[in-house]
Amino acid sequence: MGVLDRFEKGVERVVSSAFAKAFRSEVKPVEIASAIRKDMDQRAAAFSRGRTVVPNTFEVELGESDHERVVEWGEDALADEIIAAAAEHAREQGFSLVGPLAVTFAAKPDLETGRFRVHSSTVRSGADQRQQGQHSQPDGAAQPQAWTGTVPEPPRHPLIDIDGKRYLLTGEATVLGRGTESDIVVDDTGVSRRHLEIRRTARGVVVTDLGSTNGTFVEGNRISAATLVDGNTITLGRTRLLYYSGEGAQE
């Protein structure tokens, strides 16, 4: 399965069946995710030190009925899933971001049900204004446009590697477990439904066991909580994951 297929199928997987059914013939979440992915690809701009910068802020304009459904089923949840998929796509493509990914939704009376527009821009971390190159995609159709500006060193995020698949830890806390309610689902019968939490704090990244049946181990030692360092091995059930602080190069 190719990178683009994984991107779209990843969004389909995380959106619950009830959420997906609500859209029926209206705008589908995967269509929005696909439009954002295409915009990232087509607006990628190469800068110094071999870095390719892509937009990180997206406003999705929807018809009123589509927007009502997004609000009813949780626009924050949908935004979080699209952001997670976009972050994974950026990592796999080697793209750089100058600020955190953000997705918002807005109702526009001029749009019919099933049609949408995506406005994208590049916003530096901590900046209040958008950079040059704000761009609008009618109905999700991305078009290339030049982006100019001074690009600071992009932020680094810690990540975990599970069987070769990497997950950026962009949120404050990430729960791993066998249950579908977990942020990262681990398909392992030896793993509890909510097994452990990895939390980013001012003092470092902390892994905490959530009362799991079989325990959580860091470097072979069973822990209730531990501060992680780059290269640590975490074991839950029969699954082993590697933790990387993100302070070194990730390309």
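Basis for what follows: all heavy atoms, side chains included, without hydrogens, waters or symmetry-related copies. The chain is numbered in sequence order, starting from 1.
- Residues S212 and R222 approach most closely at O-NH2, 4.3 Å, considering heavy atoms.
- The backbone N or O of G204 lies less than 3.5 Å from a partner atom in the side chain of T201, making a donor-acceptor pair.
- With hydrogens and angles disregarded, a donor-acceptor distance shorter than 3.5 Å links the side chain of D188 to the backbone of R238.
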Side chain to side chain contact (heavy atoms under 4.5 Å, CB included) for N232 and L242? Distances and angles first, verdict last.
CA-CA 6 Å; N232 270 163; L242 297 175; over 6 Å; no
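- The shortest distance between side-chain heavy atoms of T235 and T216 does not fall below 4.5 Å.
- Between the side chains of D39 and S120, at least one donor N or O lies within less than 3.5 Å of an accepting N or O.
- At a threshold of 4.5 Å between non-hydrogen side-chain atoms, the residues F105 and L62 count as touching.
- Nearest heavy-atom pair, V185 versus G179, reported as atom, atom and distance to 0.1 Å: CG2-O, 3.6 Å.
- A distance of 13.0 Å separates CD1 of I82 from CZ of R37, quoted to the nearest 0.5 Å.
- Counting heavy atoms from C-beta outward, R200 and P158 have side chains that approach closer than 4.5 Å.
- Between R115 and E112 there is no salt bridge, since no side-chain N of the basic residue sits under 4.0 Å from a carboxylate O of the acidic one.
- Put simply, the side chain of F116 does not reach to within 4.5 Å of the side chain of K108, judged on heavy atoms.
- Geometric assessment of R166 against the ring of Y244 yields a positive cation-pi assignment under the 6.0 Å and 45° thresholds.
- Taking the charged nitrogens against the carboxylate oxygens, E181 and R193 do have a contact shorter than 4.0 Å, which makes a salt bridge.
- Hydrophobic clustering of Ile, Leu, Val, Met, Phe, Trp and Tyr side chains at less than 4.5 Å, counting indirect connections, unites V27 with I83.
- S121 and T57 form no side-chain donor-acceptor contact under 3.5 Å, judged by distance and modelled atom types alone.
- Taking both residues in full, the closest heavy atoms of F58 and M40 are given as CZ-CG, 3.7 Å, listed atom of the first, atom of the second, then distance.
- Of all non-hydrogen atoms in A225 and T208, the two that sit nearest each other are CB-OG1, 3.9 Å.
- Heavy atoms only, all atoms of each residue included: T113 and S65 are closest at OG1-OG, 2.5 Å.
- A side-chain donor-acceptor contact under 3.5 Å links E219 to the backbone of T233.
- Shown here for D161 and D163, the closest heavy-atom pair between the two residues is OD1-N, 3.7 Å.
- With values rounded to the nearest 0.5 angstrom, E59 atom CD is found 4.5 Å from T104 atom OG1.
- Annotation: salt bridge (Lys or Arg N to Asp or Glu O under 4.0 Å) contacts involving residues 167-178, sequence neighbours excluded, comprise E172-R199.
- Other residues sharing the hydrophobic cluster of I160, ordered by chain and number and joined by side-chain separations under 4.5 Å: I162, Y167, L169, L176, I184, V186, V191, L196, I198, V205, V207, V218, I223, L228, I234, L236, L241, Y243.
- Using a 3.5 Å distance cut-off with no hydrogens or angles, the side chains of D209 and S224 do not pair a donor with an acceptor.
- Distance CD1/I36 to CG/L101: 9.0 Å, rounded to 0.5 Å.
- For the residue pair R43/T122, the side-chain donor-acceptor check at 3.5 Å is not satisfied.
- Not a single donor-acceptor pair under 3.5 Å links the side chain of D66 to the backbone N or O of G63.
- Ion pairing between R117 and D110 holds under the 4.0 Å rule for side-chain N and carboxylate O.
- The OG1 atom of T189 sits 8.5 Å away from the CG atom of N214 when rounded to the nearest 0.5 Å.
- Here the side chain of H195 pairs a donor or acceptor atom with the backbone of G215 at under 3.5 angstrom.
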